[in-house]
Amino acid sequence: MSPARTERARPRTKAGSPRSPRAAPAWHSLPAAGLLAALALAALLLAAPPLVRAFWAVNGFRSIPLTGRLGLLAAAALAAYVAWRPPTRVVWWVLALAAGIAIAFPLRESIHWLSDTGLRFRMIELSSTGEIRPMSFGDLTWRLHMHPLDGLLETWIPLALVRHGMSPRAALSAVSLALFLLFAAGIGPALGASPAGHEPRARRLALVAAVLLAGTLEVFAGYAESTGLVLAAGIWWIAALRAPLRRVRDATLPALAWLVFFACHRLALAMLPVQILRHAALPDHEDRPEARRAALVADGAAALLAAAFFALSRGRLAGMDLRQLLLSVSAGGGPRLVPLADVLNLLVLVAPLALLAPWFAGRAAWADLARSRGAWLLAIGALILLPMMLVFPVAPNGLGAQRDWD
């Protein structure tokens, strides 16, 4: 068929222009298994018995006033519409900014100042009034168990904002908003950096919306914790890791991204094997051999810099982590692991897509994933992190997964 006949045959709108390819499919095109899974999760949210420990991930919905519940339902409906009919880039960022401001300011945490947030908030408050002297970086890393960027962004910058007239809570919320926007900006590159990810724009934005609006959004609610910082740095590390290595200069980007990740938190150490595996054994089809070799050299240099950091701290940070891990496993006379019910509640609260996505994806998508190199990276990363999810929420404090859900 000639181009002219093709253009005449294309369906047109009332105005005579070609029909937009962004038109959304009908609801009946969604997999029945996915719809049933979503309805089951919604029923659990609405019908789970209150004050029953087995359903702690969904009990919070009924603990807030009716107006709050209606607001959450409206937000959920808007999120579904955004994922179903993706807006323009400008509208998308306006909605993301509105979500970040709402979480970081009016909906920020105001009751449960636990663990790191309580300690850091109190330190900022006392330092701003002159009751205590501001801590040095050495004090921050040892006394508050912080890495350099964690100390800078979660204590020093909020303290500087407080000295310029902000309240401590507003200062922490401002940092939370900045981290949220950094995280939001990195989701697109992390999902689409791979050449295999040439999805239509509508699907790309739907994926970004799904990741952005997961339960992880809670960590940007004005906490002085490292978790939001880990998400913001980690998403850009994933983007750098997925990018093809076409030139030797590309090899430095994953190592630099990992070093920034490590400067935020020690969790980056658990992900270094994934990075080395990607460069050594799971190449992208656009990778060049000389660039992969350079990437492995850069990975080794990054690991040496991390070792030097621990040497300068005289092993105190690593020692504290090891002691906490051993206490978590052995406290009470024997190994203690997070119960299966708590693991499921953690998934429902923080990563509900982990429960829903398999039902929506279907067998063909699972088969494609199994054949991809991304499946190996995902499996190795999950196996490394799984013991942490099974051990750390128990923790020496004994409060359980409901307390240490992050």
Side-chain angles (χ1 to χ4, degrees), residues 89 93 147-153 178-201 204-205 207-208 211-212 226 228-312 369 371-382 384-385:
R89 186 179 298 274
W93 274 108
H147 272 219
L149 282 181
D150 191 12
L152 176 67
L153 294 173
L179 292 176
F180 167 80
L181 294 177
L182 185 63
F183 173 66
I187 295 175
L191 291 176
S194 171
H198 294 312
E199 298 92 352
R201 175 180 173 275
R204 283 279 308 282
L205 283 179
L207 288 171
V208 172
V211 174
L212 181 66
S226 57
L229 185 59
V230 166
L231 285 179
I235 200 72
W236 285 101
W237 170 74
I238 292 172
L241 194 65
R242 294 192 63 194
L245 302 173
R246 302 186 184 96
R247 300 174 296 275
V248 172
R249 65 183 182 184
D250 295 337
T252 61
L253 292 178
L256 290 174
W258 184 86
L259 280 174
V260 172
F261 193 3
F262 176 75
C264 296
H265 201 274
R266 293 169 296 285
L267 182 64
L269 292 173
M271 292 294 95
L272 186 58
V274 178
Q275 181 161 316
I276 295 174
L277 180 67
R278 149 74 175 99
H279 296 146
L282 296 172
D284 186 88
H285 72 276
E286 291 190 26
D287 285 354
R288 301 292 298 273
E290 60 273 18
R292 286 177 53 208
R293 289 193 292 268
L296 286 171
V297 172
D299 294 343
L304 289 176
L305 288 174
F309 172 78
F310 280 123
L312 290 174
L369 177 63
R371 290 190 293 267
S372 69
R373 67 183 180 91
W376 287 96
L377 291 174
L378 183 65
I380 295 297
I384 292 173
L385 293 176

Item to complete: Check A270 against P273 and note the closest heavy-atom contact, atom names and distance.
Response: O-CD, 3.4 Å
Worksheet entry | Closest contact, heavy atoms only, A294 versus V248 | CB-CG1, 3.8 Å
Worksheet item: Of the non-hydrogen atoms in P254 and L245, which two are nearest, and what is the gap between them?
Response: CG-CD2, 4.5 Å
Worksheet item: What pairs with A298 under side chain to side chain contact (heavy atoms under 4.5 Å, CB included), at least two apart in sequence or on another chain?
Response: A255
Item to complete: Nearest 0.5 Å please: distance from the CG atom of D150 over to the CZ atom of R266.
Response: 8.5 Å
Discussion item. Rounded to the nearest 0.5 Å, what separates atom CG in L212 from atom CD1 in I187?
Written reply: 4.5 Å
Discussion item. For residues 248-258, which residue pairs pass the salt bridge (Lys or Arg N to Asp or Glu O under 4.0 Å) check, not counting sequence neighbours?
Written reply: R247-D250
Worksheet item: Who passes side chain to side chain contact (heavy atoms under 4.5 Å, CB included) against L296, sequence neighbours left out?
Response: I276, H279, A280, D299
Discussion item. Please report the interatomic distance CG(D284) to CG(D287), rounded to the nearest 0.5 Å.
Written reply: 5.0 Å
Worksheet entry | With R292 via salt bridge (charged side-chain N to carboxylate O under 4.0 Å, His left out) - residues at least two apart | none
Discussion item. Quick check: closest heavy atoms across A251 and A295, and the distance to 0.1 Å?
Written reply: CB-N, 3.3 Å
Worksheet item: Under the side chain to side chain contact (heavy atoms under 4.5 Å, CB included) test, which residues partner A185, sequence neighbours left out?
Response: W93, W236
Worksheet item: Going from OG on S226 to CG on L153, what distance comes out if it is rounded to the nearest 0.5 angstrom?
Response: 11.5 Å
Discussion item. Strictly distance-based, threshold 3.5 Å: is any side-chain N or O of R246 a donor or acceptor partner for the main-chain N or O of E286?
Written reply: no
Item to complete: Kindly compute the distance separating CD (Q275) from CG (L377), expressed to the nearest 0.5 Å.
Response: 10.5 Å
Worksheet item: Do you know which two heavy atoms are closest between V208 and G188, and how far apart they sit?
Response: CG2-CA, 4.0 Å
Discussion item. So, taking the atom named CD1 in I235 and the one named CD1 in I238, what distance separates them when rounded to the nearest 0.5 Å?
Written reply: 4.5 Å
Fill in: Partners passing ring pair (Phe, Tyr, Trp, His ring centres under 6.0 Å) against F262 (at least two apart in sequence or in another chain)
H147, W258, F309, F310
